[in-house]
Amino acid sequence: VELATGRVRGLEALVRWRHPRHGLMTPESFLPVAEESGLVVPLGMQVLEMACAQMRAWDAAGVPVGRVAVNLSARQLWDEDLAATITRVMESNGCQPHNLELEVTESVIMSSVDKGVEVLGRLRALGMEVSIDDFGTGYSSLFYLKKLPFTTLKIDKSFVDDIPGDDDSVNIVASIATLAHGLGKQVVVEGVETRAQLETVTSFGCEMVQGFYFEPPLTPDELHQLLAEGPAPFAHLLPPKE
């Protein structure tokens, strides 16, 4: 959600598993096993394909979703065929590169920075947005950070949970926002759940936020209904402008 207007500027695709016995399961229940077994690669590809197909459906219905962010696992990111695979999926689903944002976690990208510079560079050259997710948890080297061709920093929810009451968390979020803006990057604050958190991150000049303060995760049909009301369904939830 764009803080200046309340407009929805993008969505994040979240994977869930409707288990026949255990019901709806969140990623924490199955992604670690998928990573270990290698099944995260076909799973990630299925998520990408479903996200692209859904983007096409929303576009055909005139629903203004902006771009959709899809998370990449470590195994996907280091696959030499990644760029070609993503291009093939987009073309087969009629998606435009600027409508797709690829998220990689800070810890994954810092595990092999030089290779990350090369991989992210190829993705950016195709016209896709690239964001570094969970920023602040992966011990980034500032020297390498300036080399990485990304567009957005997403500040991890763990720092947001304790603001505005915890001064250290407030200072960390403010410092990350200042750093990102100094590098010419956008900032998305994850996990905003309260009005006080929203007002605090707004004062730091952060451009966008996401979190339960606005909506919990929604199905495509629920999102369609929400966005059909207009492009700025959350304007009434924003702090008043000074």
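Fair warning: this is a prediction, and the values are worked out from it, not measured in the lab. Side-chain atoms are counted along with the backbone in the values below, which use heavy atoms only and exclude waters and symmetry mates.
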Within this structure, what is the [atom1]-[atom2] distance for the pair [X] and [Y], rounded to the nearest 0.5 Å?
X	Y	atom1	atom2	value
E190	D161	CD	CG	11.0 Å
E118	S112	CD	OG	9.5 Å
D167	N171	CG	CG	6.5 Å
M55	N99	CE	CG	6.0 Å
T178	H181	OG1	NE2	8.0 Å
L82	L48	CG	CG	9.0 Å

Checklist entry - Name the one of D156, D162, V160 that satisfies side-chain contact (heavy atoms from CB on, under 4.5 Å) with S158? => result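 Between S158 and the candidates, side-chain contact (heavy atoms from CB on, under 4.5 Å) is satisfied uniquely by D156.
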Please say yes or no: joined through hydrophobic side-chain contacts below 4.5 Å, possibly via intermediate residues, are [X] and [Y] part of one cluster?
X	Y	answer
M208	L14	no
L11	F212	no
V201	L237	yes
M50	L72	no
V117	L183	yes

Shortest non-hydrogen contact between [X] and [Y], atoms and distance:
X	Y	answer
S131	K154	OG-CD, 3.9 Å
M90	C52	CG-SG, 4.2 Å
W17	F30	CB-CE2, 3.6 Å
A51	V68	CB-CG1, 4.2 Å
T219	E222	N-OE1, 2.9 Å
I176	F135	CG2-CD2, 3.4 Å

Checklist entry - Around atom CE of M45, are there more than 12 heavy atoms of other residues, nucleotides or ligands at under 6.0 Å? => result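 Yes, enclosed.
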Evaluate the side-chain proximity of [Y] to [X]: yes if any heavy-atom separation is below 4.5 Å, no if none is.
X	Y	result
W78	S73	no
L179	K185	no
L3	E207	no
R16	M25	no
L153	V188	no
T152	I132	no
L238	F214	yes
R67	H98	no

Backbone of [Y] reached by a side-chain donor or acceptor of [X] within 3.5 Å:
X	Y	answer
R9	G66	no
R124	M128	yes
E199	A196	no
D81	A84	no

Checklist entry - Do F204 and V170 pass the side-chain contact (heavy atoms from CB on, under 4.5 Å) test, and can you show the C-alpha distance, the side-chain angles, and the key distance before you say yes or no? => result CA-CA 10 Å; F204 301 152; V170 169; 3.6 Å; yes
Next on the checklist: Would L120 and L148 count as a side-chain contact (heavy atoms from CB on, under 4.5 Å) here? Give the steps.
Outcome noted: CA-CA 7 Å; L120 298 189; L148 290 166; 4.3 Å; yes
Taking atom types as modelled and ignoring hydrogens, do the side chains of [X] and [Y] form a donor-acceptor contact shorter than 3.5 angstrom?
X	Y	answer
E12	N71	yes
E2	T5	yes
Q54	H224	no

Checklist entry - Passes side-chain contact (heavy atoms from CB on, under 4.5 Å), L43 versus L31? Steps please. => result CA-CA 9 Å; L43 174 61; L31 276 189; 3.7 Å; yes
Checklist entry - Do the charged groups of K157 and E193 touch, with an N to O distance under 4.0 Å? => result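 Yes, charged N to carboxylate O under 4.0 Å.
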Item to check | Test log, rule side-chain contact (heavy atoms from CB on, under 4.5 Å), inputs V119 and I109 | outcome: CA-CA 10 Å; V119 173; I109 203 68; over 6 Å; no
